[in-house]
Protein chains: 2
Amino acid sequence: MQSPVPHDPPIYRRIADRLRQAIQAGEFRDGDRLPGENALMAEYGIARATARQALSVLINEGMAVPRRGSGVYVRQFRPIRRHGSRRLSREQWGTGRAIWDGDASGRPYVVDDLTIAREPAAEDAARVLGCDEVWVRRRRYSVDGRPVQLAASCFPAELVAGTAIVQPDTGPGGVYARLRDLGHTPVHFTEEVRARMPAPDEADRLALSAGTPVIVVCRTAYTTGGGAVELNIMIMDAASYVLQYDFDA
Amino acid sequence: MQSPVPHDPPIYRRIADRLRQAIQAGEFRDGDRLPGENALMAEYGIARATARQALSVLINEGMAVPRRGSGVYVRQFRPIRRHGSRRLSREQWGTGRAIWDGDASGRPYVVDDLTIAREPAAEDAARVLGCDEVWVRRRRYSVDGRPVQLAASCFPAELVAGTAIVQPDTGPGGVYARLRDLGHTPVHFTEEVRARMPAPDEADRLALSAGTPVIVVCRTAYTTGGGAVELNIMIMDAASYVLQYDFDA
DNA sequence: TAGTGGTCTAGACCACGTA
DNA sequence: ACGTGGTCTAGACCACTAC
């Protein structure tokens, strides 16, 4: 009978652990090139697949990024701080500022791939918004030339048909100012936050490397009557964002 | 010259895509067993490593979970809803209820691995709390017998030394009620939310399978004077949580 | 052109879970 | 006992990047 000793970690794990420690100890800095497959094979006397497996551990942890034909590099982070409560205060969109102005932490951003369409409401949207058809504004946001967020805003179709909300340019203050003009001022917001690994199409559109989760924020905007007037689903590159929420006891 | 046609996806990707579609189409339900390595080898006439690679795609996406000696299974989700703003209202902890009572969506929870220690403050904690030494309460929360969250609360050492806050049982209302007793009532909270892949020790303690990110919530509690009295870092299994924040415009 | 990572094959031995 | 996934070897060809 053997005593129930935990097994030695496999070779590839020990190599991955050593590399991770080296990174955290500062031996490799952000953007530095790590030892490649050939270097690990020579250093540890292992097969190629084993060296690959060691590197894939770090890659799937989001600590390293492979570049074809070049090498494996330590990942760089510079997150955007997104303020949950403060940024939606009436002062912001009441005075003609777009909400997103405050988001990029001073860095310029661009909106890509804007599409506006009338669609049958998805099951969730139908329940929350209380309608069968919605107008959807889909767009992608980029900062420093890199895509960071996909967003899809849904509005009850009858409410917004023919307004600036279904136009590419929604005018000063954005969609919330237009909802106010229509007499449906948003006064309350709920945000649901989840995190998961991206679906392949999300990874494509956000140019995510392996090991990068997405943060999914589902925001609902309510009017004084308690009715929901907007459902906004945001999918964010988790490596590019810090969400901040402030509230009182 | 070739036209710049995107390459055909590799075999393992196409197999992974087919399996993913089958899951999303409901051909496999939560907890169902997927075709294993041998089945894929036979079905597609591929080598073992290729079949493995196809399955590893789904595993790293968090869609499937491997069980040694048994098979690969479709992952199951049943998240806990955690209310950000509402749960910290004074009514809750002012009347003797522990904050966590409202968290598990009605399911019972347990606290594991509670340790309480006086330590030199980490760099972040020192800056936020304005002190060199802290008392830290570390614990793990489990729901339905499965670990879901690691938490570490830091308090300024001089403030809480000798109080119930450094005892295993903090009494009715928990640490916030004790801070109130000390005249340092928390009145404002800031939560920073991030998501990333877990470090190996986090994956161990939360029993996370590959492809599961963690949500990191860093909460700071402020008193009326504006001083920070607690820094609480929570690491949550992303598959087990939905965070909800409510706020007004 | 040389070196890198990406894909793939055809084997091997092991630990583990189920029956 | 058998089938499963976990680890590992020793090759191969390819696409891409840097020089």
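In what follows, every chain begins at residue 1, and chains take the letters A, B, ... in the order their sequences are listed. Because only heavy atoms are used, hydrogens play no part in the values below, and waters and symmetry mates are left out as well, while side chains stay in.
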Starting from [atom2] on [N], measure out to [atom1] on [X] and report it in whole angstrom.
X	N	atom1	atom2	answer
A/Arg68	D/dC13	CZ	C1'	13 Å
B/Arg13	C/dG6	CZ	C1'	12 Å
A/Tyr44	D/dT9	OH	P	14 Å

How would you label the contact of [X] with the nucleic acid (heavy atoms, under 4.0 Å): base, sugar-phosphate, or nothing?
X	result
B/Arg48	base
A/Arg33	sugar-phosphate
B/Leu55	nothing
B/Arg52	base

Per-pair distances, 0.1 Å, donor-acceptor, side chain in residues 37-45 of chain A, under 3.5 Å, sequence neighbours excluded:
residue: A/Glu37; atom: OE1; partner: A/Arg48; partner atom: NE; Å: 2.8
residue: A/Glu37; atom: OE1; partner: A/Arg48; partner atom: NH2; Å: 2.7
residue: A/Glu37; atom: OE2; partner: A/Arg52; partner atom: NH1; Å: 2.6
residue: A/Tyr44; atom: OH; partner: A/Arg18; partner atom: NE; Å: 3.4

Please report the C-alpha distance between A/Arg29 and A/Asp32 in whole Å, then the side-chain angles of each, then the deciding distance to 0.1 Å, and finally whether the salt bridge (Lys or Arg N to Asp or Glu O under 4.0 Å) criterion is met. CA-CA 5 Å; A/Arg29 297 164 165 271; A/Asp32 279 1; 5.7 Å; no

From the list [options], which nucleotide is the closest neighbour of the side chain of [X]?
X	options	value
A/Thr50	C/dG5, D/dC8, D/dT4	D/dC8
B/Glu37	C/dG5, D/dT7, D/dG5	D/dG5
A/Ile46	C/dT9, D/dC8, D/dT9	D/dT9

Ignoring hydrogens and angles, tell me if any N or O in the side chain of [X] forms a donor-acceptor pair with the backbone of [Y] under 3.5 Å.
X	Y	value
A/Arg140	A/Arg205	yes
A/Thr212	A/Ser209	yes
B/Arg139	B/Arg137	yes
B/Arg138	B/Ala117	no

So, is the end of the A/Arg194 side chain (NZ or CZ) under 6.0 Å from the ring centre of B/Tyr241 and within 45° of the ring's axis?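 No, cation not above the ring by the 6.0 Å, 45° rule.
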
Taking only heavy atoms on the protein side, list every residue of residues 57-66 of chain A lying under 4.0 Å from any atom of DNA chain D, sorted numerically.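 Here the set is empty: none.
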
Once you build an axis from the first five pairs and another from the last five of the helix from C/dT1-D/dA18 to C/dT18-D/dA1, how far apart in angle are they, to 10 degrees?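 Computed from the C1' atoms at both ends, the axes differ by 10°.
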
